[in-house]
Number of protein chains: 2
Amino acid sequence: MEIVEVVAVKLAFKMNQLENKLNTKNIKPTSMRLLVLKQLVESKSAVSLSELENTFEKVDKVTLYRTLKTFEQKKLIHSIDDGSRAVKYALCEENCECEPEDQHVHFHCENCEETFCLTNTGIPALNIPSSFKAKSVNMVYKGICANCAD
Amino acid sequence: MEIVEVVAVKLAFKMNQLENKLNTKNIKPTSMRLLVLKQLVESKSAVSLSELENTFEKVDKVTLYRTLKTFEQKKLIHSIDDGSRAVKYALCEENCECEPEDQHVHFHCENCEETFCLTNTGIPALNIPSSFKAKSVNMVYKGICANCAD
DNA sequence: CGATTAATTGCAATTGTGTTGCATTGCTTT
DNA sequence: AAAGCAATGCAACACAATTGCAATTAATCG
């Protein structure tokens, strides 16, 4: 088997994984959506709509916007309000239902402006007054990230 | 002493308190700022710039914007990113330095859109990876508030 | 007090994100 | 192939945040 074929097979396999991810969440896997998902999988930090727009210069902003909305609604990704003007998005963990107990802490770097999922740091359950009925929670630290420190 | 005089004295006293608050934080107490501060003191929930704009129809939005920025910088008020499009502002507690240990949890109602300070619920210290240097933290619950429940 | 300087406020205009409506494309089903 | 529906692209809009500059007000000094 030629090298190129191997690569092609690996790519196909990868694409298949992405397709499965979409199917699992009941999202019809169009090529557009596969592309966006691929970008999200590969990115080390959360991305905003405009960042995504820059990645694929050819693609319309509104399409990306609606793609993200669909992904979020189907609980494939979650949105993060990091205090910057733009909402960021990142992949959910396996089996995430976006309930408070599924959610984790985020960190927003004031220097490079990137936002990271601290997936290992869950958000602790707090005793807020019982008259408030919480459905979700957003917890974001701001400061200097590992890459920008020193 | 006439009733009106008593009221006048009380008002003067109140204004004096507000003026003190500004002086303590090294903010020159202009009449504009006193007015905005008064509004902030009286409001039961956090306010956005546009809400403030509606309260004083005569006042320019930019003035209010800069007033809030000044207040925030001098740590008289803190800003809250509640996931709505607009940033909200609320008075700081006495002696607040806006460090993570001074900060408290907020609650944003998805029904009435109001945002409340849960001043009694501090934000717990978490163990985030030590490579991240946190300077501040924003924690907001979303759901249905006490007034909107039922 | 009047004149000079600095700080504050108001107005006009711009940027950027998020959003909707509608036309067009492309896929599915029969 | 035709009809129907979902997805995409284009244009336009809504609104928060922000900047630059002019006008006003407050503070300082002679």
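Chain letters run A, B, ... following the sequence lines, proteins first, then strands; residues in each count from 1.
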Sugar-phosphate only, base, or nothing, as touched by A:Ser50 at under 4.0 Å among non-hydrogen atoms: sugar-phosphate
A:Cys148: side-chain contact (heavy atoms from CB on, under 4.5 Å) partners, not counting sequence neighbours: A:Cys109, A:Asn111, A:Cys112, A:Ile144, A:Cys145
Test salt bridge (charged side-chain N to carboxylate O under 4.0 Å, His left out) applied to A:Glu113 - qualifying residues, sequence neighbours left out: none
Those residues of residues 22-32 of chain B lying under 4.0 Å from DNA chain C by at least one heavy atom: B:Lys28, B:Thr30, B:Met32
Exam field: side chain B:Arg33 to backbone B:Ile27, donor-acceptor pair closer than 3.5 Å: no
Student check: side-chain heavy atoms of A:Pro129 and B:Leu118 closer than 4.5 Å: yes
Sub-4.5 Å side-chain heavy-atom contact between A:His104 and A:Thr121: no
Neighbour count >12 (heavy atoms, 6.0 Å) for atom CD, B:Gln73: no
Overall bend - the helix from C:dC1-D:dG30 to C:dT30-D:dA1, comparing terminal axes fitted on five pairs, nearest 10 degrees: 20°
For chain B, the stretch of DNA chain C it reaches, first to last nucleotide, under 4.0 Å of its heavy atoms: C:dA7 to C:dG18
Donor-acceptor pair, side chain of B:Asp102 and main chain of B:Glu99, under 3.5 angstrom: yes
Contacting residues from residues 57-67 of chain B, given that a heavy atom lies under 4.0 angstrom of DNA chain D: B:Lys61, B:Val62, B:Tyr65, B:Arg66
Rounded interatomic separation in angstrom, taking CD from A:Gln73 and P from D:dA6: 14 Å
Separation of D:dA14 P from A:Arg85 CZ (nearest whole Å): 18 Å
Distance in angstrom units between B:Leu34 CG and D:dA26 P, rounded: 12 Å
Qualifying ring-ring contact (aromatic ring centres under 6.0 Å, His included) pairs, either residue in residues 118-150 of chain B, two or more places apart: A:Phe107-B:Phe132, A:Phe116-B:Phe132
Results of side-chain contact (heavy atoms from CB on, under 4.5 Å) for A:Thr55 - residues two or more places apart only: A:Gln39
Whole-Å distance separating the CD atom of B:Glu51 from the P atom of D:dC15: 14 Å
Rounded distance (Å) that lies between atom C1' of D:dA16 and atom CD of B:Glu53: 10 Å
Between D:dG9 (C1') and A:Arg33 (CZ): distance, integer Å: 15 Å
Sequence-distant partners of A:Glu97, salt bridge (charged side-chain N to carboxylate O under 4.0 Å, His left out), two or more places apart: A:Lys75
All side-chain contact (heavy atoms from CB on, under 4.5 Å) counterparts of B:Tyr65, not counting sequence neighbours: B:Leu49, B:Lys69
Contact list for residues 79-95 of chain A, test side-chain hydrogen bond (donor to acceptor under 3.5 Å, both in side chains), sequence neighbours left out: A:Glu72-A:Ser79, A:Asp82-A:Ser84, A:Asp82-A:Lys88, A:Asp82-A:His108, A:Asp82-A:Thr115, A:Lys88-A:Thr115
Gap between atoms CG and P, on A:Leu35 and D:dA7 respectively (whole Å): 17 Å
Salt bridge (Lys or Arg N to Asp or Glu O under 4.0 Å) partners of residues 132-146 of chain B, not counting sequence neighbours, each pair once: A:Glu110-B:Lys135
